[in-house]
Amino acid sequence: MSENTMPHNDADAARQARLISLGLYERSVEASANAMMITSAEAPEYAIEYVNPAFERITGYSAGEVIGRNCRFLQGDDQDQPGLQEIRRALAEQRATNVVLRNYRKDGTLFWNHLYVAPVEDTDGAVTHFVASQYDITEIKSYEMTLRHLATHDELTGLANRSLLNDHLRGAMARAERSGSQIWVVFLDLDRFKVFNDSLGHMAGDVFLMTIAQRLQASLRATDLVARLSSDEFALVLCEQPGHRLNFLLLERIANAVQQALQFDRKDFFLTCSMGVAIYPADGVDAEQLIERADMAMFQAKERGRNNYQFYTDAINQRALERMQIGSALRAAIEREEFVLHYQPQLDLDSGRVIGTEALIRWRHPEMGLVYPDRFIGIAEETGLIVAIGDWVLRTACQETKRLQGLGHPDLRVAVNLSARQFARSDLAHGIEAALQDSGLEPCCLEIEITESLMMHDVDGAIGSLRALKDLGVRLSIDDFGTGYSSLAYLKRFPIDNLKIDRSFVSDIVSGHEEAAIVSSIISLAHNLRLQVTAEGVETEEQLAYLRNRRCNKMQGYLFSKPVPAEMLPALLGACLPAPATAL
């Protein structure tokens, strides 16, 4: 055997191995359940050069119909998608990316897909092609929409539930504050409905409730909302329109709609209703408070013989005086430095260690003692003092966290909530940057929390503000996630790092099927979007075990610790949650 024979045979063997390998790759792509495409890297068309059988099956297009075309035909007229902009940037920059897109089959039907695109280089490192994989997520999207509807709507009537009512009312109050208009919150109770329900049966009761729900919706304007709160209790939010003040005729129309005959088993039945009305801002500036006061007025209508309406009047002047007094005391509290921060630890569920805290304000009033924020934050928002208070919270949280880091906890983070007025400020990013520089705290150790509903008032404006904060290097979190009703459609547009599951869902995840499904869906959605998840209000070992099993990232709640003053934190920072096996 000559000296050249072995290398020649080795080269043949290597070549044969490559051919076998290439054949295996080709068969694998052909057999893939995901739609696969290979396109040219030549701009601007990036023409399709290959599609696998799964692409033909999913889209309805044959390979012959798409070879040589740009992929944009899959989106049809639906070209205004953020994901498409990202795809175009990635192709131009010759880098990998993944987005969620709405695509359309050859027959016009919509399907959602998670698209992965990656560049393919030749032996010299030049990008010659792009390979794309489409994963059909239509069923997941449908499930998300179902969960979102369950989270915000009454199952029987399809009306808004209390969560959606509160969110809608908060948004309506914010708009009314800007325009100087009124809102009427109406609490409506069907008179003697229990008698009908008990005598005719629950089927008749359900028919009546569904009919009443339809009538209430038909009697309201497009800007109003009707929600079902319990069996026969409804809440209505009536918003004043420019040039058209709210009046009694609208209440009469609602009452007349309820009083129309109800048919069941070929018989006519008649119901009446009692209504109580609370007015924003005269009767309160908090959603729950307005509903509560409307409820009180409704009971007054019941006491006055039913089938009428009453306006809340008790202590309106006293409430106005109280607002003035608290507002004046708040101004003094800022000057006298009567505020203090308490911190609730946030723990990593994998390690069980404390990794951060949430800063929560308290007011040490010289006469009232320790005052919690639900008693003064609303008035601070109304008077504009929330801006100065919020600035103090931010500066103090940064300073105290930096001090705690120096005590042996260098990676400790702190989360700070922003109010609506703070988030709307044009110099928001500058103020946060100044607080970080003054304290010496690294930006990555500060997490800014913004409520879900706050961002939905002005989505484009919110995105701009969030990007400005993201450029500083701080972390961004959506607080009370799950209580809104539009965020899923925009979530991928927000440059956020973390979702905080509202405590109202966490409290019932062990006993409530719907709450458990919502929490699982939020965790799954967040992880698919490469976001972390924090559960609020964790109070039991069972809740902890459930969250760990669903791979929730972080938690905070009374199970580990209540909010504590800064001087008590060092004793907690070295503590740990029980290991998962113990918790289970």
Asker: Would you mind reporting whether Arg162 and Glu288 have side-chain heavy atoms less than 4.5 Å apart?
Answerer: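 Counting from C-beta outward, Glu288 and Arg162 do come under 4.5 Å.
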Asker: Going by the side-chain hydrogen bond (donor to acceptor under 3.5 Å, both in side chains) test, which pairs reach into residues 401-410, not counting sequence neighbours?
Answerer: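 Residue pairs with at least one partner in residues 401-410: there are none.
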Asker: Can you find a heavy atom in the side chain of Ile361 that is under 4.5 Å from one in the side chain of Ile389?
Answerer: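 In short, these two side chains touch, coming nearer than 4.5 Å.
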Asker: Do the non-hydrogen side-chain atoms of Cys445 and Leu412 ever get within less than 4.5 Å of each other?
Answerer: no
Asker: Between Asp350 and Arg548 (salt bridge meaning N to carboxylate O under 4.0 Å), is one present in this structure?
Answerer: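 A salt bridge is absent here (no side-chain N lies under 4.0 Å from a carboxylate O).
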Asker: Here's one to test your reading of the geometry: is the NZ or CZ of Arg550 within 45 degrees of the ring axis of Tyr546 and under 6.0 Å from its centre?
Answerer: yes
Asker: Among Arg413, Lys500, Gln344, find the residue that satisfies the side chain to side chain donor-acceptor pair (under 3.5 Å) test when tested with Glu358.
Answerer: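 Testing each of Arg413, Lys500, Gln344 against Glu358, the sole residue satisfying side chain to side chain donor-acceptor pair (under 3.5 Å) is Lys500.
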Asker: Which side-chain N or O atoms in residues 569-576 pair as donor and acceptor under 3.5 Å with protein atoms at least two apart or in another chain?
Answerer:
none

Asker: side-chain contact (heavy atoms from CB on, under 4.5 Å) with Gln422: which residues, sequence neighbours excluded?
Answerer: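 Asp391, Leu418, Ser419.
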Asker: Would you indicate whether the side-chain heavy atoms of Leu547 and Val519 approach each other to under 4.5 Å?
Answerer: yes
Asker: Report yes if some heavy atom in the side chain of Arg475 is under 4.5 Å from a heavy atom in the side chain of Leu446; otherwise report no.
Answerer: no
Asker: Side chains of Thr128 and Glu121, heavy atoms from C-beta outward: is any pair under 4.5 Å?
Answerer: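 Side chain of Thr128 against side chain of Glu121, heavy atoms only: no contact under 4.5 Å found.
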Asker: Does the pair Arg95/Glu86 count as a salt bridge with the N-to-O cut at 4.0 Å?
Answerer: yes
Asker: Show me the donor-acceptor pairs, under 3.5 Å and distance only, between side chains in residues 559-568 and residues at least two apart or in other chains.
Answerer:
none

Asker: Assess, by modelled atom type and distance only, whether the side chains of Asp479 and Thr451 contain a donor and an acceptor separated by less than 3.5 Å.
Answerer: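 Asp479 vs Thr451: no donor-acceptor pair found between side chains.
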Asker: Which residues pass the side chain to side chain donor-acceptor pair (under 3.5 Å) test with His430, sequence neighbours left out?
Answerer: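 By the side chain to side chain donor-acceptor pair (under 3.5 Å) rule, His430 matches no residue at all.
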Asker: Please tabulate, for side-chain N and O atoms in residues 332-343, each donor-acceptor pair with protein atoms closer than 3.5 Å (sequence neighbours left out).
Answerer:
{"from": "Glu338", "atom 1": "OE1", "to": "Trp363", "atom 2": "NE1", "distance (Å)": "2.9"}
{"from": "Tyr343", "atom 1": "OH", "to": "Glu400", "atom 2": "OE1", "distance (Å)": "2.4"}

